[in-house]
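Every chain is numbered from 1, with letters handed out A, B, ... down the list of sequences.
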There are 2 protein chains.
Amino acid sequence: MPASSIRARVRAEMIDEIKAVARRHLATDGANLSLRAVARDMGMVSSAIYRYFPSRDELLTALILEAYEALGDAVEAADATTDRHDLRGRWHAACRAARDWALAHPAEYALLYGSPVPGYAAPDDTVLPAQRPPLTMVGILRDGLADGRLAAPADDLPEPVRADLAEIAAGFFPGLPEPLLARGMAGWTQLFGLISFELFGRVNRMIPHRDAYFDHQTGLMADLIGLPR
Amino acid sequence: MPASSIRARVRAEMIDEIKAVARRHLATDGANLSLRAVARDMGMVSSAIYRYFPSRDELLTALILEAYEALGDAVEAADATTDRHDLRGRWHAACRAARDWALAHPAEYALLYGSPVPGYAAPDDTVLPAQRPPLTMVGILRDGLADGRLAAPADDLPEPVRADLAEIAAGFFPGLPEPLLARGMAGWTQLFGLISFELFGRVNRMIPHRDAYFDHQTGLMADLIGLPR
DNA sequence: TACGAACCGAGAGCACTGCTCTCGTTTGCC
DNA sequence: GGCAAACGAGAGCAGTGCTCTCGGTTCGTA
């Protein structure tokens, strides 16, 4: 039985519609979202929006959260639908999924990974969703290690780095060797750089064949990690 | 003989002062630069700024250009003051210089490498200065190849990728093997990702020892490239 | 079932933004 | 010396995020 039903339901619908309209504006007009424009699109007055979101930043936060979840879903789904033992295939699938999502939602990607808005501080809610893509990628390494298809590299890390990585491993991948984690994070870092360069238009004029270039670059990181061909 | 002297000099000084004040605002208030605030700081009325810059975007462009040059200077200087034959030392020096500059000028770095401003399109003037850091880094590889301290990897690239890279090589590093260029670009891409992650605060809470982590991560890319220890 | 409280949308208003236009004044070249 | 270009100030326009007030609706509860 719906506790506070009708009102609560239309309220939830309103919130969804505001987010949808805002997302549309984000896609067309770019990052600087105008609350007033969203309100206009909904046939409302700007102050009415404040019944649902206490500020423009809160609206942005809601969009960011959903975007993180969407990106995480895409990456995890791509990984999950690839042969568990095909480590390299999973790596490429995850990378491509992230890129595809970013190319399909450039403004939202910029919201997630672009320059942070000055006054804006990402709330803690966003921390976990933001970790899903890198966790997926490192998960591939863990699986490879588990079934013997992947060997941990013998890098000797400086002690502070090893300790930091050990802390991370303890939280997410108990037992994962630090050198392997380090290489996996390098792969994730490079993936982010690849997508950002492409999306923010810094290499486009130099590299026409972006799909093939992307695959080759992520393949290089797969080599660095040691994923078998 | 100063063609149009006093007035022109005063004008140039005004332009410099506006840029200086704007840069200060950028550093304190973040990316959304307010023309009016700059004008206020200079004891002027906002419309007076328009005598020197046709729009806020033009002011930003001027700042971006100078920032690119500053970053390029820093990276090139770091490389130039390292033993020519110490390839790995040069690589690390260039990477650290880029990171140090970014940490010292976070707002300007965000201007260069953050999400692009919606309406704003980077003018062609910025293309060459923007290429200085990656060119410096690939230059290290070229030097290493020239004096035999570095061997070109035997990656076989997909033909379109090889062709794109060959085009780039032809323009900047004639004769540089495409597989080596590809790995160098992977290094540059990862460097950008590393700095962005650190600056935009995505890994900070997980990795306290950032300096050591940074060096290790850039060292991994040096390994991938084949720079001798 | 009636009432009070919570919720909601509209509207006015504040301080701010980029930018334009006009109006005197100053400046410097022919 | 005169004239045009350059200059700074001011008013004003359209837009922004956000606050506050005012009526009207809705809902939980007594």
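Between B:Ile15 atom CD1 and D:dG8 atom P there is a gap of 11 Å when expressed in whole angstrom units. Distance A:Asn32 CG to C:dG18 P: 13 Å, rounded to the nearest Å. We find that CE of B:Met14 is positioned 14 Å from C1' of C:dT26, with the value rounded to whole Å. Rounded to whole angstrom, the span from the CZ atom of B:Arg9 across to the C1' atom of C:dC29 amounts to 16 Å. Separating the CG atom of A:Leu59 from the C1' atom of D:dC18 is a distance of 14 Å, rounded to the nearest angstrom. As a whole-Å value, the separation of A:Leu35 CG from C:dC16 C1' is 15 Å. Whole-Å rounding puts the B:Arg11 CZ to D:dG8 C1' distance at 13 Å. Atom CD in A:Glu58 sits roughly 15 Å away from atom P in D:dG17 (whole-Å rounding).
One N or O on the side chain of B:Asp164 and one on the backbone of A:His209 form a donor-acceptor pair closer than 3.5 Å. A donor-acceptor pair is defined here as one N or O able to donate and one able to accept, closer than 3.5 Å; such a pair exists between the side chain of A:Gln217 and the backbone of B:Ala182. The closest donor-acceptor contact from the side chain of A:Thr189 to the backbone of B:Gln190 lies at 3.5 Å or more, if one exists at all. With hydrogens and angles ignored, the 3.5 Å screen pairs a side-chain donor or acceptor of B:Arg56 with a backbone N or O of B:Leu33. At distances below 3.5 Å, not a single donor-acceptor pair connects side-chain atoms of A:His216 with backbone N or O atoms of A:Ala212. Formation of a donor-acceptor pair under 3.5 Å by the A:Trp101 side chain with backbone atoms of A:Asp73 is not found in this model.
For the pair B:Arg99 and B:Phe214, the cation-pi criterion (under 6.0 Å, within 45° of the ring axis) is fulfilled.
Listed by residue number, there are no residues of residues 17-25 of chain A with a heavy-atom contact under 4.0 Å to DNA chain D. Of the residues in residues 39-52 of chain B, those with a non-hydrogen atom less than 4.0 angstrom from any atom of DNA chain C are B:Arg40, B:Ser46, B:Ser47, B:Tyr50, B:Arg51.
With hydrogens and angles left out, the side chain of A:Arg36 and the base of D:dG15 share no donor-acceptor pair within 3.5 Å.
With a 4.5 Å cut-off on side-chain heavy atoms, A:Glu167 and B:Met206 do not count as touching.
Distances shown here put every side-chain N or O of B:Ser55 at or beyond 4.0 Å from the OP1 or OP2 atom of C:dG18.
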Using the side-chain hydrogen bond (donor to acceptor under 3.5 Å, both in side chains) rule, take B:Tyr113 and A:Ser196 through it: C-alpha gap first, then chi angles, then the decisive distance, then the call. CA-CA 9 Å; B:Tyr113 294 106; A:Ser196 295; over 6 Å; no
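Using a 4.0 Å heavy-atom criterion, one finds that A:Leu33 contacts the sugar-phosphate atoms exclusively.
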